[in-house]
Amino acid sequence: MNVIEQALKNELKQAVSKAFSLDLPFEDIIIEVPKLKEHGDYSTNLAMRLVKIIKGNPRALAQTLIESIDFKASGIKSADIAGAGFINFKMDTLFLSSIIQTIIDANADYGTTVQNEPLWFNVEYVSANPTGDLHPGHARGAAIGDSLTRIMSKAGYKVTREYYLNDAGNQINNMARSLQARYLQACGLDMAVPEDGYHGKDLIEIAANLKDEVGTAYKDMDLDESLTHFRTYGLQAETDKLKEDLKKFRVEFDVWTSERSLYDQGLVKKTLDTLVANGHTYTADGALFLKTTDYEDDKDRVLIKSDGSYTYILPDIAYHLNKKQRGYDKLVDLLGADHHGYIGRLQAAFQALGYKKEDLYVDIIQMARMIKDGEEFKLSKRTGKAVALKDLIDEAGVDALRYYFVSRASDTHMDLDLDMASKQSNENPVYYAQYAHARMCSILRQGEWTMPESFERITHEKEIDLIKLMADFPQMISDAAESRAPHKVCLYIQKLATAFHTFYSECVVLKEEEPLRSQRLALVKATQITLRNALECIGVEALEKM
RNA sequence: GUCCUCAUAGCUCAGCUGGAUAGAGCAUGCGCCUUCUAAGCGCACGGUCGAGGGUUCGAGUCCCCCUGAGGACGCCA
């Protein structure tokens with residue numbers, strides 16, 4: 001909660017109680033920042049809302065309210081009635097500037113919320129199959145997921161970052177057969193990659209490495225017999241590569257859960273037994289169905305095919321059961337848009353296990369179209385023509401890429417303009433923010449100063465703009481965490497950088513006379529801390545020099 | 001055909017649980033470096049919020065319908 005807004009809410013709550021003998025919950029008191037400066041620093045529509053409870057004219061109610069407000073205690077300089085009944089507040093600048101001290105004292109912890117009994121979240125993202133390189137869609141998911149977990153931690157939640165490794169399905173056999181073909185090609189044999197296999201260049205590399213290690217040991221082996229070696233080796237190599245690429249992208253996970261391990265622990269079977277025992281299944285056409293339609297899915301789903309084998313959904317249900325049993329309060333899945341049809345059945349199965357719908361959030365990360373030279377860049381995994389995450393990093397850099405992906409709401413379709421992302425210029429928004437930080441560092445490097453006793457000289461409009469924005473940082477983080485919307489942090493960063501650049505151009509710092517000089521230096525320091533903390537939340541480096 | 005997401009300035013996007021004259025960035029035009037980093041600042045230009053209904057003091061935001069874009073609809077994963 002923004003400390004200034006909180007002070008206003010406290011005061012308004014008391015005023016309502018005093019004037020109308022009403023005990024109004026805090027949620028009903030809305031404080032806004034007016035779009036127009038003439039409307040003051042903060043405003044409330046409280047009088048208009050009160051009309052629904054108390055009869056009367058909103059402007060008259062507003063007047064009564066104002067008369068009940070203790071201006072001094074809440075740092076209010078003046079309050080005016082405007083429009084249909086808005087109350088506009090101007091704040092005392094000394095009250096506002098005291099936030100500078102708060103920020104400097106908190107330093108890296110500014111913006112961090114401490115929750116007494118925080119909910120424990122498990123956030124699962126990326127979870128790409130270990131069968132090839134990560135593509136731009138995964139990259140977007142990685143950037144958003146990683147940022148979200150940073151933001152949630154800062155907002156005081158307990159967070160576990162998780163990757164689900166699909167190492168048990170048919171796709172692994174396809175990968176193994178493709179690797180087998182690449183290996184035999186490396187041994188000089190004429191062997192085609194299967195039509196439904198993986199054609200990416202990553203497997204050519206892995207095959208070459210394998211040949212370096214074992215020579216031609218698998219060359220003359222029976223194909224079915226050698227396949228198991230390719231499966232094991234390929235899986236390991238692909239997984240290592242995933243971790244390596246993600247690490248380069250500053251994305252790391254706390255837990256990697258293997259699908260195979262769920263089978264090995266008997267969890268898949270146990271999950272099946274539970275569903276059957278709870279009466280959520282039935283047999284038809286020789287297959288076992290899960291009655292997901294009991295929970296708003298549009299059709300029932302097959303768990304066991306008529307040939308006796310399991311469908312993909314069963315281990316996935318077991319996986320969610322497993323996560324819940326590990327003690328998390330809430331599960332969050334970030335899925336690519338191509339999996340959105342999956343939400344209904346997953347939610348249904350989750351409820352069939354006896355859990356509440358609200359304990360599983362499934363968010364969709366929309367696709368990212370790649371634009372290069374002004375044209376869409378079509379991707380095809382089948383032909384291996386996909387652009388890999390590591391290529392994107394080489395081209396645009398981690399900071400620009402992460403910023404770009406996180407800056408848009410995750411449920412919107414977005415274009416990734418590679419030309420723009422790789423441009424080191426003002427066309428690229430990430431540099432705008434980093435440049436602001438570098439400027440602050442430059443000032444702080446050159447100026448010796450001691451912490452001022454008071455900030456009474458901080459009264460300039462641009463100084464106050466900065467302070468109000470910084471006061472909002474903790475609340476913004478909580479809001480972004482709650483709504484699972486990391487892009488809000490990017491918007492905030494952009495606003496803060498703008499406010500600083502404007503301040504910079506209007507107010508000199510180092511050449512100012514004391515005591516204002518030191519007070520402004522403290523303001524710059526507080527801004528630098530806030531901006532750095534915000535950038536940290538999205539995994540973008542706060543550069544000290546550019 | 002059914003379902004999901006989206007539609008806001010020339011382009012890419014914001015718009016918090018409904019609030020005052022719908023906002024940024026880029027692009028375009030014009031100013032600003034003898035002063036702390038010009039990767040910057042200021043001003044201007046730019047909109048029937050896809051179309052049409054409805055709900056109310058008040059709608060870009062909520063409801064209905066239509067149009068358009070992307071995606072999902074398998075005893076594949």
Side-chain angles (χ1 to χ4, degrees), chain A residues 27-28 30 32-36 38-39 43 45 48-49 51-52 58 82-86 88 129 131 166 168-172 174 196 259 284-289 298-299 301-313 315-316 336-344 364 366-367 369 371 404 407-409 411-417 420 423-436 438-447 475-476 479-480 482-483 485 487-488 490-491 494-495 497-498 500-512 520-521 524 545-546:
Chain A
E27 303 88 79
D28 287 349
I30 295 171
E32 291 176 320
V33 178
K35 283 171 199 151
L36 293 176
E38 303 89 86
H39 292 154
S43 76
N45 59 0
M48 288 143 91
R49 292 172 73 90
V51 171
K52 291 182 180 169
F86 289 97
N88 296 332
N129 290 341
T131 54
N166 287 101
N170 280 337
Q171 75 280 3
I172 300 302
N174 287 342
D196 59 349
E259 180 184 1
D285 306 327
L288 187 74
F289 284 77
D298 49 358
K299 61 170 106 166
R301 307 292 166 178
V302 173
L303 294 179
I304 304 180
K305 300 180 236 174
S306 50
D307 68 0
S309 62
Y310 295 163
T311 62
Y312 68 95
I313 195 173
D316 278 3
D338 51 341
H339 287 84
H340 94 259
Y342 188 69
I343 299 176
I364 289 299
Q366 274 296 348
M367 306 260 122
R369 285 197 315 169
I371 307 288
Y404 210 102
S407 63
R408 271 84 196 213
D411 57 3
T412 58
H413 307 265
M414 72 175 279
D415 291 345
L416 172 59
D417 187 336
M420 155 104 83
K423 218 174 268 180
Q424 304 216 349
S425 75
N426 61 340
E427 285 174 62
N428 194 331
V430 73
Y431 293 105
Y432 183 79
Q434 289 180 316
Y435 184 59
R439 271 182 153 178
M440 294 173 207
C441 290
S442 169
I443 292 176
L444 293 168
R445 263 197 307 273
Q446 295 169 65
Q475 174 60 34
M476 182 279 301
D479 180 39
E482 192 125 342
S483 51
H487 76 278
K488 289 181 179 174
C490 279
L491 292 172
Q494 210 62 211
K495 270 199 247 174
T498 300
F500 178 76
H501 283 311
T502 303
F503 160 79
Y504 181 92
S505 67
E506 288 195 28
C507 305
V508 290
V509 179
L510 294 171
K511 299 195 171 162
E512 186 55 75
R520 281 193 171 156
L521 274 160
V524 172
K545 280 184 186 177
M546 284 175 77

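Below, chain A is the first sequence line, B the second, and so on; all start at residue 1.
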Legend entry - Paired and unpaired positions of RNA chain B as dot-bracket, Watson-Crick or G-U wobble under 3.5 Å, | denoting a partner strand: (((((((..((((.....[...)))).(((((.......))))).....(.(((..]....))).))))))))....

Legend entry - For atom CD of A:Glu506 and atom P of B:U35, their distance in whole Å: 18 Å

Legend entry - B:U37 OP1/OP2 closer than 4.0 Å to side-chain N/O of A:Ser442: yes

Legend entry - Gap between atoms CZ and P, on A:Phe503 and B:U37 respectively (whole Å): 13 Å

Inset, instruction - Rounded off to whole Å, could you give me the NE2-to-P distance for the A:His501 and B:C36 pair? - result: 16 Å

Inset, instruction - Look at all strands and tell whether A:Cys507 reaches a base, only sugar-phosphate, or nothing, counting heavy atoms closer than 4.0 Å. - result: base

Legend entry - side-chain N/O A:Tyr431 vs B:A39 OP1/OP2, d < 4.0 Å: no

Inset, instruction - Output, in order, the C-alpha distance, side-chain angles, deciding distance and verdict of side chain to side chain contact (heavy atoms under 4.5 Å, CB included) for A:Thr412 and A:Gln366. - result: CA-CA 6 Å; A:Thr412 58; A:Gln366 274 296 348; 5.8 Å; no

Inset, instruction - Measure from CD on A:Gln494 to C1' on B:G40 and round the result to the nearest Å. - result: 13 Å

Legend entry - Earlier contact from the 5' end, RNA chain B, for A:Thr498 and A:Cys441: A:Cys441

Inset, instruction - In whole angstrom, give the distance that lies between atom OH of A:Tyr504 and atom C1' of B:A39. - result: 12 Å

Mind listing the N/O atom pairs, protein and nucleotides 29-32 of chain B, below 3.5 Å?
none

Inset, instruction - For A:Glu32 and B:G18, give me the distance from atom CD to atom P, rounded to whole Å. - result: 11 Å

Inset, instruction - Could you measure between the two P atoms, the one in B:A22 and the one in B:C30, and give it in whole Å? - result: 29 Å

Legend entry - Between B:C4 (P) and A:Ile364 (CD1): distance, integer Å: 13 Å

Inset, instruction - With C1' as the reference atom in both, quote the distance from B:A24 to B:C63 in angstrom, rounded to an integer. - result: 31 Å

Inset, instruction - Specify the closest pair of heavy atoms between A:Ile443 and A:Leu510, including all atoms of both residues, with the distance to one decimal. - result: O-CD2, 3.9 Å

Legend entry - A:Gln446 vs B:U37: side-chain N/O to OP1/OP2 distance below 4.0 Å: yes

Inset, instruction - With sequence neighbours excluded, tell me which residues meet side chain to side chain donor-acceptor pair (under 3.5 Å) with A:Asp338. - result: none

Legend entry - B:C26 versus B:G46 - spacing of their C1' atoms, nearest Å: 13 Å

Legend entry - C1' gap between B:C45 and B:G31, integer Å: 15 Å

Legend entry - Whole-angstrom distance between B:G29 and B:U67, as gauged at atom P: 42 Å

Legend entry - Residue list, ring-ring contact (aromatic ring centres under 6.0 Å, His included) with A:Tyr342, at least two apart or on another chain: none

Inset, instruction - Check every strand shown and say whether A:Ile30 touches a base, only sugar-phosphate, or nothing at a heavy-atom separation below 4.0 Å. - result: base

Legend entry - For B:C32, glycosidic torsion class - syn if within 90° of 0, otherwise anti: anti

Inset, instruction - Please name all residues satisfying side chain to side chain contact (heavy atoms under 4.5 Å, CB included) with A:Tyr435, sequence neighbours left out, ordered by chain then number. - result: A:Arg439, A:His501, A:Met546

Inset, instruction - Produce a footprint string for nucleotides 6-14 of chain B: one letter per nucleotide, 5' end first; B if the base is under 4.0 Å from any protein heavy atom, S if only the sugar-phosphate is, - if neither. - result: S-----BSS

Inset, instruction - Could you work out the separation of B:G53 and B:A59 based on their P atoms and round it to a whole Å? - result: 14 Å

Legend entry - Residue mapping more 5' on RNA chain B - nearest nucleotide basis, A:Asp479 or A:Ile343: A:Ile343

Inset, instruction - Using a 4.0 Å heavy-atom cut-off across all strands, classify A:Met48 as base, sugar-phosphate, or nothing. - result: base

Inset, instruction - Rounded to whole angstrom, note down the C1' distance from B:C6 over to B:A14. - result: 15 Å

Legend entry - Those residues that, when tested against A:His487, pass ring-ring contact (aromatic ring centres under 6.0 Å, His included) (two or more places apart): none

Inset, instruction - Please examine the side chains of A:Tyr432 and A:Thr498, heavy atoms only from C-beta on, and report whether any two atoms are closer than 4.5 Å. - result: yes

Inset, instruction - With sequence neighbours excluded, tell me which residues meet side chain to side chain contact (heavy atoms under 4.5 Å, CB included) with A:Asn88. - result: A:His39, A:Ser43, A:Ala82, A:Phe86

Legend entry - Criterion side chain to side chain contact (heavy atoms under 4.5 Å, CB included) on A:Ile364 and A:Asp411, from CA distance to verdict: CA-CA 6 Å; A:Ile364 289 299; A:Asp411 57 3; 5.8 Å; no

Inset, instruction - Rounded to whole angstrom, note down the C1' distance from B:U61 over to B:G23. - result: 15 Å

Inset, instruction - Using side chain to side chain donor-acceptor pair (under 3.5 Å) as the criterion, list what pairs up with A:Gln494, not counting sequence neighbours. - result: A:Tyr403

Legend entry - Contacts of A:Phe503 that satisfy ring-ring contact (aromatic ring centres under 6.0 Å, His included) - sequence neighbours left out: A:Phe500

Inset, instruction - Quick one: list whatever passes side chain to side chain donor-acceptor pair (under 3.5 Å) with A:Ser505, sequence neighbours left out. - result: none

Inset, instruction - Have a look at A:Asn174 and say if it touches a base, only the backbone sugar-phosphate, or nothing, with a 4.0 Å heavy-atom cut-off. - result: nothing

Legend entry - Distance in angstrom units between A:Lys495 NZ and B:G23 P, rounded: 13 Å

Inset, instruction - Indicate for each nucleotide in nucleotides 72-77 of chain B, in 5' to 3' sequence, whether protein heavy atoms under 4.0 Å reach the base (B), only the sugar-phosphate (S), or nothing (-). - result: SSSBSB

